[in-house]
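For reference, the structure discussed in these notes is given below.
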Amino acid sequence: VIPGWFAEISPMWPGEAHSLKVEKVLFQGKSKYQNVMVFQSLTYGKVLVLDGAIQLTERDECAYQEMITHLPLCSVPNPKKVLVIGGGDGGVLREVSRHMSVEQIDICEIDGMVIDVSKQYFPEIAVGFDDPRVRVNVGDGVAFLRESPEGLYDVVIVDSSDPIGPAEELFKKPFFELVARALRPGGVVCTQAESIWLHMPIIEDIVSACRQTFKGSVNYAWTTVPTYPSGVIGFMLCSTEGPAVDFQRPISPIEKQESNVESKRPLKFYNSEMHTASFCLPAFARRAIGSN
Ligand SMILES: NCCCN[C@H]1CC[C@H](N)CC1
């Protein structure tokens, strides 16, 4: 370890470790589920770390939060009911609240410390919790879905950490089956789906579980996030049987919504071209994932 630097060392990405120069550690804690740390970096703003894995930095969180949210929400007409599993930093909530058609935003985050720490150190991200449509549940997303009514949600967003630790169950078929049950016909789920450079075997397992579970379309999209391992992150976009969803052509371009939020805080990353482009895969990934 180099003094003054945070190195993201993990068995999830052996032999490599993205590093950020640390100015000051602002918070260190241990919740019921994981180690939580916040530090001020020299060039990426404040950084949130869970069990040694970078969850977000102020400088590039826009790419992840905007893509994971607007890829699903701009793929269905008039989304009204949205569920976020994970997402305790509030960034996805902030992005969902841009959509004026949305009436109800449920969130189920397992670790209350993540919510508290985000509100204290990342107010620009935790602002998502202020939206009156948001209903917060602190608990396990699997249990939440077991208790939620069938066919309730238009969109489910699974904004999870990595499949090591509290999020492990969120990458397996039984969880996807609970998500499919909670979605309306033609409803859409978007999940955090790791890196095509680092996790092809994991992604292939996720894709095959999703193909067995979601009888609409199953697509993989990806984008660039400099501070995530290998500098990219992917998303599974799946729809249940019902009205067809064409993920590659956004039907409700968010940029054109007359929401007052847009004027106050314009999108930094997502637009319709990036939406369509995010489903284009390099040859090795297309061969492994396929597309339909
Ligand atoms: N809501 C914060 C983002 C959580 N997703 C991250 C994706 C990349 C992982 N290595 C760490 C979590």
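Nothing here was measured: the structure is a model prediction, and the numbers come from that model. Counting starts at 1 for both ligands and their atoms, following the listed order.
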- Task: Please state whether the rings of Y121 and F27 are parallel, tilted or perpendicular, taking 30° and 60° as the class boundaries.
- Result: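 Tilted.
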- Item | Mutual orientation of the aromatic rings belonging to F235 and Y64 [parallel < 30°, tilted 30-60°, perpendicular > 60°] |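 Plane angle between 30° and 60°, so tilted.
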Keeping [X] on the side-chain end and [Y] on the backbone end, is there a donor-acceptor pair under 3.5 Å?
X: D60; Y: T227; value: yes
X: Q192; Y: S161; value: yes
X: E66; Y: Y270; value: yes

- Item | Residues which pass side-chain contact (heavy atoms from CB on, under 4.5 Å) with V134, listed by chain and number, not counting sequence neighbours |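 Applying side-chain contact (heavy atoms from CB on, under 4.5 Å) to V134 gives L93, I105, I107, D131, V136.
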Are there any protein N or O atoms under 3.5 Å from the N or O atoms of ligand 1? List them with distances, or say none.
| unit_1 | atom_1 | unit_2 | atom_2 | d |
| --- | --- | --- | --- | --- |
| ligand 1 | 1 (N) | D89 | OD2 | 2.7 |
| ligand 1 | 1 (N) | D159 | OD1 | 3.0 |
| ligand 1 | 1 (N) | D159 | OD2 | 2.9 |
| ligand 1 | 5 (N) | Y64 | OH | 3.3 |
| ligand 1 | 5 (N) | S160 | O | 3.0 |
| ligand 1 | 10 (N) | D162 | OD1 | 3.0 |
| ligand 1 | 10 (N) | D162 | OD2 | 3.0 |

